[in-house]
Structure formats: structure tokens, C-alpha cells
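Everything numeric here is computed off the predicted structure, so don't read it as measured data. Here is how names work: the chains are called A, B, and so on, in the same order as the sequence lines, proteins then strands, and each is numbered from 1.
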Protein chains: 2
Amino acid sequence: MGERTDLVADIIDDIRRVFQVVNEHSKDVERRTGITGPQLWAIKTIAEGAPIMVSDIAARMHLHAATVVGILDRLESRGLARRVRSQEDRRVVRVELTGQGERLVKKAPEVAQGLLVAGLERLHTKNLKSIAASLDQLVDILGAQGIPPKLILSPEVNKPVRQTRRTAK
Amino acid sequence: MGERTDLVADIIDDIRRVFQVVNEHSKDVERRTGITGPQLWAIKTIAEGAPIMVSDIAARMHLHAATVVGILDRLESRGLARRVRSQEDRRVVRVELTGQGERLVKKAPEVAQGLLVAGLERLHTKNLKSIAASLDQLVDILGAQGIPPKLILSPEVNKPVRQTRRTAK
DNA sequence: TGGTATTAGTTTGTACACAAACTATTGCTC
DNA sequence: GAGCAATAGTTTGTGTACAAACTAATACCA
């Protein structure tokens, strides 16, 4: 039972390391740009889809709308983004970047994923396949099939799919 | 550039899925036990080391002491844990579980990792080796060598190692 | 057309998570 | 043994993150 247990422990440790590096990188971004990781992510999301609805930002970032409202408040108070109430449908708010916001997004570093992408692209195709297969197995184990995929990397395919919330009351 | 790009995107997606499943599981724990994932994790950490110092809890959970203080406040107000000021060194606070806390820890589900561990242990050794190798590559890419590993799974080896903090002032 | 359901966004309340500042205590040094 | 450094824990302030309740506007439908 020794070798197998060690392997399992190694795998868990590796996963935790990946988590931590992504978090560390986020703090690094904050030191370099003055805004936080989520804020930068939001700015990049806005830049890609402007003018974009609040709920679309939430969907693309896989966040709750209430969370996005807070992030937008802070971006707006820093003069990086701007909310514009739609005239056709007055429930809708469209978000766009200010000139300052656009300048920042141009010279800002990559979001956490960029780090991974850059590193992976340097590997051989054979390696990539093996890594992809391994992660697929992890995902299978976790029964994560129903989880919404995608993110920034694939601009299409980005539905919410998260209505499966119920209360325990 | 097509196939490689797709592979990279798949890998990133898988990583995000693993993140999400761990988070979902944490919410599931909350629905079933009434306490949050971090609180349950803290309780298990206390159960393993009681009576245990606040700073030791922080080290084992890789959290900031200030964060642990908040979690302990909530555990204490729910009658699950108890703070005892040490008599030998009056700076020290030792934390232990109440009877209710001990009952809860006995019948509580596994922390997020448990889910992964259980699934991995069902795989063949060959598979485990391949997954471990793939994750090692990811960790290499991220340059995560210096990151402190470990967690609950290996009771030994659990030093803080996080003094590399500096301000960006 | 009047009423109900749905949708978009916001507000409120709770829980992390961390840095920095602060208090109390202990250790160390001259 | 007085004074300063180090240590343990807490407090304060900021920023996520989400559920639930709420407001305003639009859509649907009988």
C-alpha cells in the first residue's frame, strides 16, 4: 500500500501547487498594475466584448452577478470603466472601458491562464497529449462532466449553465 | 497551429474544472453539515492536533493567522471549539474541540481532497504514475518548485515557509 | 388590456483571505 | 535588571464571492 499511497499524495500535492501558483501570480499582477487579479480579468473581459452587459461579464468569468457589481464599482471609481444604461432596454447596463482603462489593458500582463498557456505551448505535442489525457482522468474521477467548461481562451461557447442552485433551508 | 492550440485549451479547461469541482464540493459540505468548508477543514485540523496553537492551525492550513482568528470566532460562537489561554506562556492560545465539535468531526464528510484521494486510489498504478508525471510537468512549467507542498495528507512536513512577503509600497 | 412571470441589475448580509497596525507577553542583551 | 527585539494573537481595512431579497423594466398571456 506504500507506493500507491505515495503516488496519490504526490498528485494531490501537485494540484495544490498549481492552485497556489495561480494565486501567487494574481498577487504579482496586483503589485505590478495596482489593480487586483479579478479586476484585471474583468477589464480584459470588457475589452473583448465592449460594450458588454453585466450578466455577460458574470457568465464569461463564471462569477455571480453580485460579485461583478462590486468589481465594477471599484473599476468605475478608479476611472477605468464606465456604465452606460441602455436606451432600448432600460434594464440593461452596458459596460465599456475609459481611455485610461484601455491604456492599462494594453500594457497589462497576462491573466493567470496566460502563464500556463505560454508554458504549455513550448512543449512537444506528444507531451501535451499525455498531460491532457491525465487531466481528463482527474476530471472523470471528480465526475465533473456537467461542469461548464471554457473561459477566456475560447471566445465562443460560454453559456452560464449554473441554475442548479438550491437552498438547504 | 490548430491541434496544439486545442490541446492547450483542453488542458486549461480541465484545470479549471478541477478547481470548480473542489469548490462545489465545499458548498456541498456546507449544505450537509451546516458549517463551511474552511470551518470543517479547521475542525479536522484541530481534531488532529488538539490542543493546538492558532499559529499551528494557520501553518497546517496554509492560511494567514488573521484568517484563522475569524474562523475560530465562528466555530466558538457555534459551540464547536474552545480557546484556552496557556498558563506557561500567556501569549499562547490553545484550541480544542467541544463535545459537540468532536461529534461533528466524527460523522462529517471528507474535505475536498478526500474526494480526489478516494477516486485516485481506485486507479491502476500505471495510471497513477502517468498522472503524477503530467502534473509534475505542469508544476515545472509554473516554476512552482519553491512552493510549500503538503497538507492534511502528510501529517509530518508542514512548515510555514511563507516569509517571502514584501510590500509594493 | 390588466395581471403575472421573467429578466437585469443592485443591495444586504455572511464568510473567507490577506496585509498592516496594534497589544500583550516573553526573550535576550548589555 | 532595564530596555529592546521577537513572538502570539487580535483588530482594522480592503477585496473577493455568493445567496437572498429587492427594484425596475419588459415579456407574455388570458
Under 3.5 Å, is there a donor-acceptor pair between the side chain of [X] and the main chain of [Y]?
X	Y	result
A:Arg94	A:Ser86	no
A:Thr45	A:Ile57	no
A:Arg85	A:Arg90	yes
A:Thr98	A:Gly79	yes
A:Arg82	A:Val95	no

Search all heavy atoms of B:Ser134 against all heavy atoms of A:Ser134 and return the closest pair with its distance.
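Here B:Ser134 and A:Ser134 meet closest at OG-OG, 2.8 Å.
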
To the nearest Å, give me how far apart [atom1] ([X]) and [atom2] ([N]) are.
X	N	atom1	atom2	value
A:Gln39	D:dT14	CD	P	13 Å
A:Met61	D:dG15	CE	C1'	13 Å
A:Ile71	C:dT10	CD1	P	13 Å
A:His62	D:dA17	NE2	P	13 Å
B:Leu63	C:dC18	CG	C1'	10 Å
A:Ile43	D:dG15	CD1	P	14 Å

Nearest-neighbour nucleotide for the B:His64 side chain, C:dC18, C:dT11, D:dT16 considered:
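The closest nucleotide is C:dC18.
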
With respect to the side chain of A:Arg90, which nucleotide from C:dA17, D:dT11, D:dT26 is positioned closest?
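Closest of the options to the side chain of A:Arg90: D:dT26.
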
Contacts under 3.5 Å, N or O only, protein and nucleotides 7-9 of chain D:
residue : atom : partner : partner atom : Å
D:dT7   : O2   : B:Arg91 : NH1          : 3.1
D:dG9   : OP1  : B:Val54 : N            : 3.3
D:dG9   : OP1  : B:Val93 : N            : 3.0
D:dG9   : OP1  : B:Val93 : O            : 3.0
D:dG9   : OP2  : B:Ser55 : N            : 2.9
D:dG9   : OP2  : B:Ser55 : OG           : 2.9

Ignoring backbone atoms, test whether B:Thr67 places a side-chain nitrogen or oxygen under 4.0 Å from the OP1 or OP2 oxygen of C:dC18.
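Yes, such a contact exists.
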
Start at the 5' end of DNA chain D and walk down; is the nucleotide closest to A:Gly70 or to A:Glu88 reached first?
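It is A:Gly70 whose nearest nucleotide is closer to the 5' end.
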
Decide, yes or no, whether a salt bridge links A:Asp73 with A:Arg83 under the criterion of side-chain N to carboxylate O below 4.0 Å.
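Judged by the 4.0 Å cut-off on N to carboxylate O distance, A:Asp73 and A:Arg83 do form a salt bridge.
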
With a 4.0 Å cut-off on heavy atoms, is A:Thr36 in touch with a base, just the backbone sugar-phosphate, or nothing at all?
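Answer is sugar-phosphate: A:Thr36 comes under 4.0 Å of backbone atoms only.
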
Heavy atom of residues 72-82 of chain A under 4.0 Å from DNA chain D: which residues?
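Of all residues in residues 72-82 of chain A, the ones placing a heavy atom under 4.0 Å from DNA chain D are A:Arg74, A:Arg78.
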
Atom pair CZ/CD of B:Arg60 and B:Glu48 - distance to nearest 0.5 Å
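Spacing of CZ (B:Arg60) from CD (B:Glu48) equals 6.5 Å.
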
With a 4.5 Å cut-off on side-chain heavy-atom distances among I, L, V, M, F, W and Y, is there a chain of contacts connecting B:Trp41 to B:Val69?
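No.
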
